[in-house]
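Computed from heavy atoms alone, side chains included, the values below leave out hydrogens, waters and symmetry copies. Reminder, nothing fancy here: chain letters follow the sequence lines and each chain counts from 1. Since we're looking at a predicted model, the values are computed, not measured.
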There are 2 protein chains.
Amino acid sequence: MRLSTKGRYAVTAMLDLSLHNADNPVTLADISENQGISLSYLEQLFACLRSKGLVKGVRGPGGGYFLGKPAADISIANIICAVDEWVEFTRCRGEQNCHAGQRCLTHSLWDDLSKQIFDFLGDITLQELVDKGEAKNCADKHRLIKEKQAA
Amino acid sequence: MRLSTKGRYAVTAMLDLSLHNADNPVTLADISENQGISLSYLEQLFACLRSKGLVKGVRGPGGGYFLGKPAADISIANIICAVDEWVEFTRCRGEQNCHAGQRCLTHSLWDDLSKQIFDFLGDITLQELVDKGEAKNCADKHRLIKEKQAA
DNA sequence: TTAATCTTGAGTATTTTACTTGGTTATTTA
DNA sequence: TAAATAACCAAGTAAAATACTCAAGATTAA
């Protein structure tokens, strides 16, 4: 698992996409302006996302991008994996200079942890994030209203 | 939160340290050979780890590094934070071109997720990883013995 | 047809990573 | 005391990844 700013950009862009009305596609130009990510970089990221079926592009005027499947079916891990090459860290397969298994042990420990992180992110869907965020947003609004009333 | 190969190196090295007998310090040369990480790169990483109190260096012949505190008190997040600069992703503080709160919402969603990941990694200690790994190791040995007996 | 938009590819500046080199201390051991 | 060992330190560098630019199609709505 690898969690870089590239992955963040992708997750942020996908979140942006999820927050829009699903009736009409969202242009990359919109997301670019909205999230402060350069258009051509977004194009690259969306090429990855599209090849994994996470988004669907619609060409021509009025075109843009849709989510490739329901937000509830897209995990954060899916998104990050789409744009970030999964690098295998442990090249040591017990072949050589694996001193008393120590090296392999550390590597397998890392692998375990890596898998845990992956599972964790695989359990969080776009939909959940959006739901939680909207709930929070409502709560904030509610709080604001109450504060105004109190004043 | 940011999870790069740099962080992996650090975690792997710390795991290596944890797996050694705590009576005598472990040299970076050992870890370097053991884990296939260049000595001087390790020195850089350990400078960070030391400044955060995660390891303690002992100079002179017979010297090396100890864990700075019990493995049970060191989380994976601690290690990663020590070597990977924590980059703030959202520079948008509601100041400008925050179109209808959309941008802020995505950013706060990302912040939430980021915090979740951080909490997750903050909950996993070195000790837990080692314990789990050793249990697994024992299980493997046990399985091997059983297989031999069966043959 | 034309403008909007995705799509593709090649090229590039900047940053990060991972390493190299060449030292200086502090400490132990001979 | 001298030599060896290992942490410490700093500067520089090659390679890779990041983030972006530029340019040219392809597709489709208006």
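Using a 4.0 Å cut-off between charged side-chain N and carboxylate O, A/Asp111 and A/Lys115 make no salt bridge.
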Where protein sits on nucleotides 20-28 of chain D, one letter per nucleotide: B base, S sugar-phosphate only, - none, heavy atoms under 4.0 Å: BBB---BBB
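Nearest heavy atom pair, residue A/Leu42 against residue A/Ala13, reads CD2-CB, 4.1 Å.
For the pair B/Asp84 CG and D/dA17 C1', the computed distance is 14 Å after rounding to whole Å. The distance from atom CG of A/Leu45 to atom P of C/dT7 is 14 Å, rounded to the nearest whole Å. When the C1' atom of C/dT5 is taken as reference, atom CZ of A/Phe46 falls 14 Å away, rounded to whole Å. Atom-to-atom, CG of B/Asp30 to P of D/dT5 comes out at 14 Å; the value is rounded to the nearest Å. Nucleotide C/dT16 holds its C1' atom 15 Å from the CG atom of B/Leu3, rounded to whole Å. Whole-Å rounding puts the A/Lys6 NZ to D/dA19 P distance at 8 Å.
For the side chain to side chain donor-acceptor pair (under 3.5 Å) condition, the pairs that include at least one residue of residues 67-76 of chain A, sequence neighbours left out, are A/Ser75-A/Asn78.
Mapping B/Ala47 and A/Gly62 onto DNA chain D via the closest heavy atom, the residue that lands nearer the 5' end is B/Ala47. Remark on DNA chain C: of its neighbouring residues A/Gly64 and B/Val83, the 5'-side contact belongs to A/Gly64, judged by nearest-heavy-atom nucleotide.
Residue B/Thr5 has its side chain nearest to C/dA18 when only C/dA18, D/dT18, D/dA7 are considered. Checking D/dA7, C/dC6, C/dT7 against every side-chain atom of A/Leu28, the shortest atom distance belongs to C/dC6.
As judged by a 4.0 angstrom heavy-atom cut-off over every strand, B/Tyr65 is placed among residues touching the sugar-phosphate backbone only.
Taking only side-chain nitrogens and oxygens, B/Ser4 comes nearer than 4.0 Å to OP1 or OP2 of C/dT17. Within the structure, every side-chain polar atom (N or O) of A/Arg50 is placed at least 4.0 Å from both OP1 and OP2 of C/dC6. At C/dA18, none of the side-chain N or O atoms of B/Arg8 fall inside 4.0 Å of OP1 or OP2 (strictly under the cut-off).
The side-chain contact (heavy atoms from CB on, under 4.5 Å) check on B/Gln44 picks up B/Tyr41, with sequence neighbours excluded. Listed by chain and residue number, nothing satisfies the side-chain hydrogen bond (donor to acceptor under 3.5 Å, both in side chains) test with B/Ser38 (two or more places apart in sequence, or in another chain). By the ring-ring contact (aromatic ring centres under 6.0 Å, His included) test, B/Phe66 pairs with no residue at all, sequence neighbours left out. Under the side-chain hydrogen bond (donor to acceptor under 3.5 Å, both in side chains) criterion, B/Lys56 pairs with no residue, sequence neighbours left out.
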